[in-house]
Structures are given as structure tokens and as C-alpha cells.
Number of protein chains: 2
Amino acid sequence: MAKNITPRATDYSQWYTDVIREAKLADYAPVKGCMVIRPNGYAIWESIQQHLDRMFKDTGHVNAYFPLLIPQSFLEKEAEHVDGFALECALVTHSGLERVEGETKLRPKGKLEEAYVIRPTSETVIWAMYKNWIQSYRDLPLLINQWANIYRWELRTRLFLRTAEFLWQEGHTAHATAEEAREETLKMLGVYKTFAQDYMAMPVIAGEKTEGQKFPGAVSTYTIEAMMQDRKALQCGTSHFLGQNFAKAFDVTFQNDKNELDYVWATSWGVSTRLIGAIIMTHADDDGMIIPPRLAQWPVYAVPIYRKEDEKSKVIGAMQKVLDDLKRKYDIRSILDDRSTATPGFKFAESELLGYPLRIELGPRDLAADQLIITKRHNREKVTLPLAQAVDHIPRILDEIQMDLYTRACKTLEENTREINSYDELKDFVAADGGFALAHWAGTTEDEKRLQEETKATVRVIPENAPAEKGKCILTGRESNRRVVIAKAY
Amino acid sequence: MAKNITPRATDYSQWYTDVIREAKLADYAPVKGCMVIRPNGYAIWESIQQHLDRMFKDTGHVNAYFPLLIPQSFLEKEAEHVDGFALECALVTHSGLERVEGETKLRPKGKLEEAYVIRPTSETVIWAMYKNWIQSYRDLPLLINQWANIYRWELRTRLFLRTAEFLWQEGHTAHATAEEAREETLKMLGVYKTFAQDYMAMPVIAGEKTEGQKFPGAVSTYTIEAMMQDRKALQCGTSHFLGQNFAKAFDVTFQNDKNELDYVWATSWGVSTRLIGAIIMTHADDDGMIIPPRLAQWPVYAVPIYRKEDEKSKVIGAMQKVLDDLKRKYDIRSILDDRSTATPGFKFAESELLGYPLRIELGPRDLAADQLIITKRHNREKVTLPLAQAVDHIPRILDEIQMDLYTRACKTLEENTREINSYDELKDFVAADGGFALAHWAGTTEDEKRLQEETKATVRVIPENAPAEKGKCILTGRESNRRVVIAKAY
């Protein structure tokens, strides 16, 4: 294990912080609760953006940009919405600084007539604009996404998982019918699920949130929930059916095809830089980061090995040819680390911290034997490849690594998911950090609060496609017809 | 000309606003001085980002993300810097809103101990981080770029050109020597110049700014300046050599290769959504927007023409084949507008407003004659192409359009640039909105203020590679050895 990383078994939370520091993914910023996303972390976000953006466009969405600041009065137009975000608002109250004779610190200048809130989410300002853009059913649907920064002042923060400022995308769509809006809500939940599985190599449980866990202002909220290596749940993305709530708050009506005036139906959906935290907590190990190949900017990291100067050019030449062919034939990007200031051993250790999925070594003896050595980061497996065929093997091996990571994560999820049939059993299961409890639940929002107070667990998701099964709610004894997922969560 | 667009000759400023509204590029937001970038405008920004980001990466840069909020005290550490931005700061002073019994409006809750400023630029917070990341010459150079939103409260705003919030990229690099930092400053100026010419089809004059027009905190500032159709100058991108100013303000030192401690050398450089305004003001006409093909998300807009139902499927089938081949063979994206709710005439007019560079029409008679008609948006030229070869002609025609736009803009620049040899001549030239004056200048910052007060013009740029020429400053009569560009500017 790496010397600067606390093992997971010793202190999971410290392990997470250590991996982020050693892999140079992020840093705490000199602003309370905020982070700096360092180049290695941001590269993962760029991959996430690239693939998700394509998936959004393939489903008919376009991007736009709405203002960072929201007039306080806008936020107040939807009562549940403002109550949901009130405590987390950052308030802009003044414009300008001025020097005052005899004072070293500059003073705030003009007080604003109305305070602005830095967007904690953009429904209100977007629906204020939609009012101008929507008149008739011919203007619908409006399928808009925004990539933006968000500010929610949080008490307890953790890099990537919960920070005051974070980056995200927020889709905001407008529809002529409730049915179409509900379809959109589920379609985007599906996009998130596919992305998590196919790109992040992370299994998720998709389904609906309970009444008490809904987005403030939503009619219903859907979620994808993943299990981290400490068996806690992480909510990784949400998709909301907003009904006509925001259309009513901002008076957005349209003429339908029967020439009647009706309020517009809405959805919103988002994922954030939290996904980077999910990748770390799903795949990384005691030696550092592991990046799934399909999200790695540089899936291949290559170390030339040589002692003498005349070996150097031969080794690097042969290696460069492999890497160039990989780029040309398969569009796979790589790093050739030919730093003379570091030894191969140092480079190996560093590359394990940084999490490149596949490492290539090539030395004079390999060259003489017409071979190169590859090492898979996630399981340390070494494979010797014939030099001439290496280029055509590597894409397949990267696919295998991607699949391996997914299978490994599925195993963690399956092994730590259990049917639980009584409240006492649940308490024990949760206290032992057992994982996901599949239990019958028919409680109210009040019951959910009691559940959380007594066990620290919450109802994470009502899984879609859960088999119908008669049972009794583990807390209230009321009749229930499907099991939900109950777990401790981030 | 389009009926909702004021002709340029009648009211240039109104024309600009009309084009933005009719092409649905942006809207004023319900937040003072802010804009909403609508999907059509944002698509141009996405193209700009995509190409520039590749150019940054090809020159060795990586992306990262730094916090939106900057502690006021950070901004104050570099005196010129804070004075330069003090009046434009948006101040965050409170966290949280709370309901107070009997009041309808929520009240600000916690007052912050220290106010935060929404970043007007990020040098200060970035150099506070660089202090942690840089110890030795081995950590240098640090070549980091950030794509972000920026807030500068402006009194007079104009969509894209000057808004309180805007989107931009800001490069912030750290170097071991002054020479290397100066090289970087000019390299990135070169990237901007190439991008403006090759992608925006916009000629620019690159060079240095005068002392009075420097970025607050810079040792020297370089700029690319373009001429808009009303012959005013628009500063389109800047690159700054910051010397050791920010390293000293934030105490960022490093061990050089001689084992001595020295302050780090810095650059910063940026372009913003202002570039979209530059594209409009360079290429659009009285009929609406014109997007240069290399920045168009959809370079080709196709209208099928038919009356009877049996014609429809044949026409659309043939058209779709052309478009599919364009995508497959040349990766050129297109829109097939088969809306049944609009006539071809309506679609033609709308496509001119929106500015697709190339339009394709195809009807039953064309099909019978094995041909299709294309129309170039920028000059209305119609060309009939044999259907079978259309796909292979279109990429070349798009290149010609791109080149035509550039040539046309070069002509505007050349025809409206004149050598001016006396102050009186300059006053007349500027009063008549003549364009760019090439004049000898050796004035001080005070002289520049006088120039601006008396003529409304400023020294825009000291052109790089300007031929050496002895002369007298038109204002002060002092000796000068090269001409500068003086013009009114946005």
C-alpha cells in the first residue's frame, strides 16, 4: 500500500481524503467549504461532460446559459422551493468597494435595493425566461440543459461529495402534457443510469424517492443510488417531475392545440462533480486512485526503461510507435513519461497513486525479445504482449478492465444488499454498516424522520421494476406491496 | 432586408440588438446588466470552446477549476489590481435566509465575518493556491486554464460585448524565468490571433497596449483588436505578462536550479463570450446573423420542397441521403427542416435570420433533373449542383464561404485604416467614424486621457511587427519611432 494513504480498513474517511490529495484531484480552497478541482480531477469532469453532453444531445437537448444571480423575490415565488434552499443561500447585497481615507480595508459601496442569491439551482430564473419564450404548443417541448456552477452553503463539507460550490449540469424542460413531462423525467433517469453503468463502471439502483426526500418544488423525484466501498449509499443523480408548480409560480401558460390556455409542464434533472467522488469511492484502493478506462483522459501510461544513452533512443522510439499507433488506429490517448529526474520505480508508484488504468513498460531486454509488459492498475495483473500485436490487444484489455471494475462493483453491491424483515434486524444491520437493506416500507414523512433519528439510515429509493410482494412496513406494520432500499448515506 | 431588423445604415446599435433578438442568440436577464445566452448563441460559444480548448491543450495546457468567491482581503493584496476592479465587485455578505414571524419577505441570516467578492478575474485566488503547489523549479512551468463565469458590475451594458456576468477562459501560468513567461504571453496572443483569423474569419491587429490601458497588476498587456462594421475597435482578447507581481503579493517562491530562492514569474490571458458579439458585428447583415462555417454547429440547413404526399418521401429521402453522407464522409452536421407547419418561404427567411452559412433546397423538379440548389447566406449566391456530386462539393463551398467572410472583413479593415499625421486630422477622422488611425504616438497616460476626452478615441494597440518609422507624436510632438492604432472602441 502507498505510504501516504491511510488504508480503508483503518479509517475510511481519512483514506478518501488521502487519495484525493495524493492523486492531486482536488484541494480545499481558501474559501469556507469550497474546493479547487485540480487538473487531474478536472480531467475526469471533462470526460464526464463530454460523454453526458453527447447523450443529452442525442436525446434532443440543447445547451444554454442563465444568470448566476437570482433575485431573492424569484426564489420566494415557489414556497416549498425557497424553504428548501433558504439556509444554504449566499446573498449578494452590495456592489462595489471604495477606499475610505484613513482605513486600510476597502468598504462596501452601494447597497442593492433587492438582494440577489447565488443560484442554488436555476428553476426560478429559467422559468422567468420561459414565460417570454413560450406562447403556444408550437414552442414546446423546450429541451434545455445548462452546465454551470452552483452555490449551497453547507455546514459539513467533503471534497466532491458535498461542497458549497460545485459544478453540475441542470436540464430544464417544458412540455405540453403531464404525460410527456413524466416520460422525459424517466428518460433522463435512464440516461444517468446508463452513464453510471457504462462509463463510471458503477452499478446503481434507479427509482423514486419518498415524499420526504423529494426536491423542494417537485411533484416526484427519481434518483440513482450507488453503494460506496464503506457500504453507504450515495445519491448520484436526480430527475424531477415538477408538474405545473413552476409554471404556476411564474405564470407560464401556453395555447394548446385545442386553442385553450393551460400551464406548462416541467422537469428538471442534474448530476454534479459529486460523480468524481463516486468514482473514487467505488474504484480506488489503498494504493490510490483508479480511473475507469472510458473516463480516463490518458488510459495508457508508458514508462521507458533504460540505463545507457544508446538504449534510450531505441526504447523510446519503439514505445512512441506503439503509442502513436494506438492514437491513430483507436483514438486512445497516452502519456509517455520520459522524465530523467525520476526512476522507473518512482514512476510506477506515482502512476498507481494517479490511477492510470493501464501501464506499459518497455526495456532493452523486452525489445530484444520483441515484447512489452503491461500492468493493469486495478488488480496488478501483468501481461506480456508481442510487440507487433500490442496495439491491437490494448483496446480489448482496456475494455476488460472497464468490465472488471463494473463486475467488482456489482459484487460489492450484491454482497452487501440484504432482505431485512424487522425493525430490530434493520437496526443491527445499519449499526454494523451492513449496506443496503431491502425492506417493506409504508411510512409517512414523520416515520422517515423517526427512522433516521433512531438508526441514522434513510429510505434511499423505491426501486423501479421492484417485484410486487406483499408485506408489512418494518416500522409501522402497515401493509406494503414492495420493498425499498434503506441505508446510511452521504 | 428582414422586417424586424433595423438596417445598419439607419441605426447601427439598434441593428445589433435586433439581430441578437431575431436570431435568438441572447436575451436580457431579469438581473441588472446580465444576459441569458439562448441555445443559438450558446452553440457558437460551444464551438469557440471546442476549438480554443484543443489549441490550449496542443500548447501544453490543462484545465482546472478555482472558486467563484474570493475573500476581499485576497483582492486587496495587489494594490493596482484591487483598485482596477473595486467598483465592479459584487459582494457576498450574508449566508442564509430566514422566515421571520409576520414578515412576507425572508431576511438575511448570518452576516459573514469577511465579505467575499464574486471573481472579477481569478489571479488572486489562483496564486493563493499556487503557493501550495510550487516549491521547486521541477514544479514549473504550471500551465493551467479555467473555463468559468465572471462578474463585473458595469454601468453601461450591451449583450455579449459588456455584461455584468460573462463566460470566459482564463489561463494562469507560472514560470521559472521572466523570459519563459514573456514567451508564453506572446505564444497565447498568437493562439488568439490564429483563432480569430482561422475560425472567426476576423482579421485582428495584435500588439501591446499602452501603459494606461494595461490590466491592473500586469507589467505589460498584449491585445488583439478587431474592427467592427461601424469602424469602431473591439478588444477581443488579452494576454498579460504579470512579472512577479502576484508571486510577491502571495509570497510564491521557488528553489531554482542553482538552489536559490526566487519569486515565480506569471502570465494570464483570456477571451470571453464577447467574441460572439465580435462575430455578429463582423459578419451579420441587414437580413440577420451570419455564422462562419467553421464555428457553425450546423453549417448546412436543408429545406425539402414538395406539394403532394407522394413527392414528400422521395424528396426527403434524397435529401437525407446527402446529409447522411455529409456527416459520414466529412463530419459536417446539418439540419433537415421538414416542419409541416411552415412554408419553404418562411423557412428561407428564418434561416437567413439565424445565419446558417449554407442552405440546400431540393424539390421534385430538381430531383427529376438530378440536381439540388444551394444558397450561400453571406452573398445570396445560388449554385446548382449535380445531385450525385453534391456531397463532395459542399465541404469546398463551405471553405470558400469561410474564406470569403475573412476577405470581406479584411477589406473593411483595410479600407478604413488610414495614416493620420496631425491631431486636427485625427479629430476629423474620429468624428467622422473613419476607422483605425495609424498615427505616431509618444504620449503619457495623462496624454491618453486628454486624447480620449477630446476625441473619444483611445490608443488601441501598438502593432507587433510595425515597421520602424521616425515621426512626431500627433498630440505632444515628441519623437516617436512607430505608428500606433487610435480609434473609438466598444
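Since the structure is predicted, the reported quantities are computational estimates derived from the model, not experimental observations. Labels below follow one simple rule: chain letters A, B, ... track the order of the sequence lines, proteins then strands, and each chain is numbered from 1.
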Option that, when pairs with chain A are counted at under 4.5 Å, heavy atom only, ranks first among B/Ala90, B/Pro30, B/Pro71: B/Pro30
Would A/Phe66 and A/His172 count as a close aromatic pair, with their ring centres under 6.0 Å? no
For chain B, find which of A/Val36, A/Val82, A/Leu112 contributes the most heavy-atom pairs closer than 4.5 angstrom. A/Val36
Toward chain B, the part of A/Tyr28 with a non-hydrogen atom under 4.5 Å: backbone
Report which part of A/Gln72 has an atom under 4.5 Å of a heavy atom belonging to chain B: side chain, backbone, both, or neither. side chain
Hey, mind stepping through A/Asn63 and B/Glu46 against side chain to side chain donor-acceptor pair (under 3.5 Å) and telling me if it holds? CA-CA 9 Å; A/Asn63 289 325; B/Glu46 286 181 281; 2.8 Å; yes
Can you say whether B/Asp53 sits under 4.5 Å from chain A via the side chain, the backbone, both, or neither, judging by heavy atoms? side chain
Portion of B/Ile144 that has a non-hydrogen atom of chain A nearer than 4.5 angstrom: side chain
Examine whether an atom of B/Thr104 lies under 4.5 Å from a heavy atom of chain A, and if so say whether it belongs to the side chain, the backbone or both; otherwise answer neither. backbone
Checking the side chain of B/Ser122 only, and the main-chain atoms of B/Val125 only, is there a donor and an acceptor separated by less than 3.5 Å? no
Given heavy-atom pairs under 4.5 angstrom as the criterion, report whether the side chain, backbone, both or neither of B/Phe85 touches chain A. neither
Which of parallel (below 30°), tilted (30 to 60°) and perpendicular (above 60°) describes B/Trp127 and B/Tyr130? perpendicular
Toward chain B, the part of A/Lys32 with a non-hydrogen atom under 4.5 Å: both
With chain A, which of B/Glu165, B/Glu98, B/Arg339 has the greatest number of heavy-atom pairs at distances under 4.5 Å? B/Glu165
Between the CD1 atom in A/Ile37 and the CG atom in A/Leu25, the distance rounded to the nearest 0.5 Å is 10.0 Å
Would you kindly say whether B/Tyr356 and B/Gln297 are connected by a side-chain donor-acceptor distance under 3.5 Å? no
B/Arg274 charged N/C atom sitting above B/Trp168 aromatic ring, 6.0 Å / 45°: no
Could you look at B/Glu76 and say if it's the side chain, the backbone, both or neither that has a heavy atom under 4.5 Å from chain A? side chain
Do A/Phe166 and A/Phe160 make the cut of ring centroids closer than 6.0 angstrom? no
If one checks every heavy atom of A/Asn145 against chain B at 4.5 Å, the contacting part turns out to be neither
Out of B/Lys109, B/Arg138, B/Lys105, which one racks up the most heavy-atom pairs below 4.5 Å with chain A? B/Lys105
Got a sec: does the NZ of B/Lys57 have more than 12 other heavy atoms crowding it under 6.0 Å? yes
Any idea which of B/Gly110, B/Ser95, B/Gly41 has the most non-hydrogen atom pairs under 4.5 angstrom with chain A? B/Ser95
Checking A/Leu167 against chain B: side chain, backbone, both or neither under 4.5 Å from a heavy atom? side chain
Quick check for you: among B/Asn132, B/Asn40, B/Thr93, B/Leu68, which has the greatest number of heavy-atom pairs under 4.5 Å with chain A? B/Leu68
Comparing A/Leu106, A/Val62, A/Leu87 against chain B, the one with the most heavy-atom pairs below 4.5 Å turns out to be A/Leu106
Where does A/Arg99 contact chain B at under 4.5 Å (heavy atoms): side chain, backbone, both or neither? side chain
Any donor-acceptor N or O pair under 3.5 Å, side chains A/Asn4, A/Arg21: no
